[in-house]
Amino acid sequence: MTNILIVTLAKRKETSVPVQEVLTNFGCIIKMRLGLHETYPNACTDKGIIILDVCGKKTEITKFINALKKIKGVKTKLVTV
């Protein structure tokens, strides 16, 4: 079973530091991480998306998701395949 966690950041410049702290705290259950945001020649957008391949017990993944959801402007979606 593969668990893919999609995390969107509405205000990337404001949320990136607290999100990074949560990612560090739960780093042992993150197998893969891909972060994306749109860029332009002279600026980048304030929206971002992080795609994570997470492993571990369901309770630990739930704690991780809940910690991310506490950050204003952050949304999550867990996809299990």
Side-chain angles (χ1 to χ4, degrees):
M1 182 172 7
T2 301
N3 295 300
I4 302 298
L5 181 61
I6 302 164
V7 182
T8 59
L9 293 74
K11 298 180 180 180
R12 190 177 55 83
K13 293 175 187 171
E14 294 174 22
T15 59
S16 61
V17 171
V19 166
Q20 181 58 50
E21 289 176 4
V22 173
L23 293 175
T24 299
N25 289 339
F26 288 89
C28 290
I29 66 168
I30 299 171
K31 294 186 340 186
M32 184 276 308
R33 170 183 170 179
L34 174 64
L36 305 167
H37 67 277
E38 290 186 30
T39 60
Y40 301 100
N42 297 321
C44 60
T45 65
D46 203 26
K47 295 179 182 178
I49 185 169
I50 302 170
I51 301 168
L52 304 164
D53 183 354
V54 295
C55 61
K57 296 179 181 177
K58 179 97 173 158
T59 55
E60 191 68 12
I61 295 170
T62 300
K63 286 180 189 177
F64 180 35
I65 292 169
N66 290 337
L68 288 168
K69 285 182 175 181
K70 289 180 182 178
I71 303 168
K72 187 175 181 179
V74 174
K75 294 181 180 179
T76 65
K77 177 71 175 181
L78 181 64
V79 179
T80 301
V81 291

Show the atom names and distances, to 0.1 Å, of all donor-acceptor pairs under 3.5 Å that link a side chain in residues 3-20 to residues at least two apart or in another chain.
unit_1 : atom_1 : unit_2 : atom_2 : d
N3     : OD1    : T80    : OG1    : 2.8
R12    : NE     : T45    : O      : 3.4
R12    : NH2    : T45    : O      : 2.9
T15    : OG1    : K11    : O      : 2.9
S16    : OG     : R12    : O      : 3.3
Q20    : OE1    : R33    : NH1    : 3.0
Q20    : OE1    : R33    : NH2    : 3.0
Q20    : NE2    : T24    : OG1    : 3.1

Could you list the donor-acceptor pairs under 3.5 angstrom formed by side chains in residues 65-76, with sequence neighbours left out?
unit_1 : atom_1 : unit_2 : atom_2 : d
N66    : ND2    : T62    : O      : 3.3

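Atom-to-atom distance recorded for D53:CG and M32:CE is 5.5 Å, nearest 0.5 angstrom.
Note on residues 43-71: pairs passing ring-ring contact (aromatic ring centres under 6.0 Å, His included), not counting sequence neighbours, are F26-F64.
Residues I61 and L34 do not share a hydrophobic cluster, defined by chaining ILVMFWY side chains whose heavy atoms lie under 4.5 Å apart.
The two atoms that bring C55 and C28 nearest to each other are SG-O, 4.4 Å, heavy atoms only.
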